[in-house]
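Please read these numbers as outputs of a predicted model, since none were measured by experiment.
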Amino acid sequence: MALKDKQTRVTYHKGVDTIGGTNIEIAYDDAHIFFDLGTEYRPELDLPDESYQTLIQNHLIPELDDFYDEHLTGAPRWKGKFQHSAAFISHLHLDHTKMVNFVDQRIPVYSTPATIKLLKRLNRDGDFLLPAAGHPKEYLRPLTELPVHHKVKVGEIEVEFYPVDHDADGAVAFLIHTPDAFIVYTGDLRLHGYHPEWTRAMMKAAAGCDLLISEGVGVSFPQDLDKPRKPWSEQLLIEKLVDLVQNAKGRPTTFNTYPGNISRLEAICDAQPRTVVLTADRAWLLQQITGRKVNYYYSPSAKPLPELDSSLEVDYQTLLADKGTYLWQVEDHFENLQPNTLYIHSDAEPLGDFDPAYQKFLDMLAAHHIEFVRLACSGHATAAELDEIVAGIKPQLLTPIHSFHPENLKNPFGSRVLPQNGQTLVLH
């Protein structure tokens, strides 16, 4: 039996009963770790700003000691309870990364090389992450690379990254070992993307863990549980997109995607019968991450990017007048598009009905006689896939999180606890 002060403690600070803003702390003896580093997404609050004080007051981030930068909080919050501290990021989506700059500089923050590279590029103009105190808005605090299948020790807590299939490049699950517990955190994952074998390999490595902390987006919507259906794969999405483009002969056709899904963007560029043209920003991002150079254009509000090959630039006015030569990406100035333009919305922002901006966006397109087609492939496991993941791991204890209805995810192979925000579980 472990001594009382040598037991593993898991505190669910935030993100238990909502999609986003997960923040969990695992402590053992004189060490503790945190994951992830996002904020809860509540656009309906219409906040005046996203300062630390505003986010705390609106319960979008948790109140934590020995975590936040004191220059940001305006008051010391460092109590020195632990000798060893670290934080970890599972993937780049904002609900897992947005407040990374709020973390005290004394705490190392680990993520995969791919995620770090994307975060640096996406925050180039300071409009992706929340700003750090005392730094330019485009600043990104130091991040430490932890490649997949490598381990790091924080006191007596050991963390290993395992790649999983998700709609963000560089996504991982965490395999966490303390002297008295084996804990697995899934991050966000699925079995219907480009690499389901990554998720299944993680399941095998996680088998029989003491605690599985699993995302539960796929069980969040009861109406979907009554009518389960096979999810679209990334491959099927590309096939449907190609069909749409081929059937739009003589018609201007545009699209947009989420910037962090580099794999989908490359697949679109490879598969299309038309010449694909990206915004200069997205072409720059693709070039920075993969080295690939593609056709691009500058919208009226875009800044010049000298790193891009000028021979690949397509004039904006040429695209606006196009009748079927190009498939081009549009992020803004939709009012400039021709009537009867086809616009394919492939998991781009705004993401869906939960965002008040989504209906406004649809209304704007309709007002300009632009046809909207949504092509989506979820980055999250379906309810059936979540059941398969739990069955593959067979955890002794399951705590579903990151879900509007975590109670819908069961554990036939052991026990289950539905934690509350702020609750601590002691493992023994």
Side-chain angles (χ1 to χ4, degrees), residues 22 35-36 38 88-93 95-97 110-119 143 145-152 158-177 182-209 211-219 230-238 257-268 270 289-290 347 376-395 398 400-403 409:
T22 301
F35 54 87
D36 270 315
F88 296 84
I89 296 172
S90 64
H91 65 283
L92 66 89
H93 285 152
D95 59 333
H96 296 259
T97 62
Y110 294 89
S111 195
T112 61
T115 295
I116 292 173
K117 197 172 186 179
L118 279 163
L119 284 176
L143 302 175
E145 291 187 357
L146 183 63
V148 297
H149 303 305
H150 285 64
K151 301 173 182 178
V152 63
E158 181 183 81
V159 181
E160 179 181 3
F161 283 174
Y162 245 80
V164 291
D165 185 43
H166 188 41
D167 62 345
D169 289 47
V172 290
F174 304 159
L175 273 60
I176 304 164
H177 288 272
F182 175 26
I183 302 168
V184 175
Y185 168 59
T186 64
D188 289 356
L189 78 176
R190 61 183 176 178
L191 288 168
H192 57 265
Y194 289 114
H195 294 287
E197 73 277 7
W198 291 353
T199 300
R200 290 197 168 92
M202 183 279 295
M203 292 159 54
K204 185 175 180 180
C209 63
L211 169 62
L212 175 63
I213 305 171
S214 175
E215 71 116 315
V217 172
V219 295
K230 185 177 180 180
W232 275 28
S233 66
E234 291 282 353
Q235 291 85 350
L236 180 59
L237 182 147
I238 297 299
T257 64
Y258 185 78
N261 196 337
I262 298 296
S263 297
R264 183 182 299 178
L265 190 61
E266 286 201 283
I268 290 173
D270 289 338
I289 299 301
T290 69
D347 294 314
C377 175
S378 176
H380 299 277
T382 64
E385 288 176 342
L386 285 170
D387 288 341
E388 181 179 344
I389 290 166
V390 172
I393 296 174
K394 295 182 174 61
L398 170 68
I401 62 165
H402 198 51
S403 175
L409 185 57

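Among residues two or more places apart in sequence or in another chain, the side chain to side chain contact (heavy atoms under 4.5 Å, CB included) test is passed with A376 by D347, R374. Among residues two or more places apart in sequence or in another chain, the side chain to side chain donor-acceptor pair (under 3.5 Å) test is passed with H402 by D188. In this view, D169 satisfies the salt bridge (charged side-chain N to carboxylate O under 4.0 Å, His left out) rule with no residue, not counting sequence neighbours. Partners of S214 according to the side chain to side chain donor-acceptor pair (under 3.5 Å) rule, which considers only residues two or more places apart in sequence or in another chain, do not exist here. In this view, D95 satisfies the salt bridge (charged side-chain N to carboxylate O under 4.0 Å, His left out) rule with no residue, not counting sequence neighbours. Residues passing the ring pair (Phe, Tyr, Trp, His ring centres under 6.0 Å) test with H150: none are found, sequence neighbours excluded. Listed by chain and residue number, H91, H166, Y258 satisfy the ring pair (Phe, Tyr, Trp, His ring centres under 6.0 Å) test with H93 (two or more places apart in sequence, or in another chain). Qualifying salt bridge (charged side-chain N to carboxylate O under 4.0 Å, His left out) partners for E160, counting only residues two or more places apart in sequence or in other chains: none. Every residue meeting the side chain to side chain donor-acceptor pair (under 3.5 Å) condition with T112, not counting sequence neighbours, appears here in chain and number order: T115. Partners of E197 by side chain to side chain donor-acceptor pair (under 3.5 Å), not counting sequence neighbours, listed by chain and number: H195. In this view, F182 and H177 satisfy the ring pair (Phe, Tyr, Trp, His ring centres under 6.0 Å) rule, not counting sequence neighbours.
Side-chain contact check for V152 versus F88: some heavy-atom pair is nearer than 4.5 Å. Counting heavy atoms from C-beta outward, L236 and H192 have side chains that stay 4.5 Å or more apart.
Expressed to the nearest 0.5 Å, how far OG of S378 lies from CG of D167 amounts to 6.5 Å. Expressed to the nearest 0.5 Å, how far CD1 of I116 lies from OH of Y110 amounts to 10.5 Å. Between the CH2 atom in W232 and the CD1 atom in I238 there is a gap of 10.5 Å [rounded to 0.5 Å]. Atom OH of Y185 sits about 6.5 Å away from atom CZ of F174, to the nearest 0.5 Å. A distance of 8.5 Å separates OG1 of T199 from CZ of R190, quoted to the nearest 0.5 Å. Taking CD1 of I213 as the start and CD1 of I176 as the end, the distance is 6.0 Å to the nearest 0.5 Å.
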For this session: Would you sort out whether V172 and L146 count as a side-chain contact (heavy atoms from CB on, under 4.5 Å), showing the intermediate values?
Result: CA-CA 11 Å; V172 290; L146 183 63; over 6 Å; no
Problem set entry | Full working for side-chain contact (heavy atoms from CB on, under 4.5 Å) between T186 and V164 | CA-CA 8 Å; T186 64; V164 291; over 6 Å; no
For this session: Take Q235 and Y194 through the test side-chain contact (heavy atoms from CB on, under 4.5 Å) and record every step on the way to the result.
Result: CA-CA 8 Å; Q235 291 85 350; Y194 289 114; 3.9 Å; yes
For this session: Walk me through it: do H149 and F161 pass the test ring-ring contact (aromatic ring centres under 6.0 Å, His included)?
Result: CA-CA 5 Å; H149 303 305; F161 283 174; over 10 Å; no
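S403 places a side-chain N or O within donor-acceptor distance of the main-chain N or O of G216, the cut-off being under 3.5 Å. Formation of a donor-acceptor pair under 3.5 Å by the T22 side chain with backbone atoms of D36 is not found in this model. Counting only distance, with no hydrogens or angles, the side chain of R264 and the backbone of L237 share no donor-acceptor pair below 3.5 Å. Here the side chain of D165 pairs a donor or acceptor atom with the backbone of G193 at under 3.5 angstrom. With hydrogens and angles disregarded, no donor-acceptor distance shorter than 3.5 Å links the side chain of T257 to the backbone of L265.
In terms of heavy atoms, L409 sits closest to P400 at O-CG, 3.9 Å. When every heavy atom of P163 is checked against every heavy atom of M202, the shortest pair comes out as O-CB, 4.3 Å. Nearest heavy atom pair, residue G170 against residue A114, reads CA-CB, 3.8 Å. Considering all non-hydrogen atoms of both residues, A207 and G392 come closest at CB-O, 4.2 Å. Closest non-hydrogen pair, C377 versus S233, comes out as SG-C, 3.6 Å. What you find for E215 and L386 is that their closest heavy atoms are O-CD2, 3.3 Å.
Listed by first and then second residue, the salt bridge (charged side-chain N to carboxylate O under 4.0 Å, His left out) pairs involving residues 378-395 are R200-E388 (not counting sequence neighbours).
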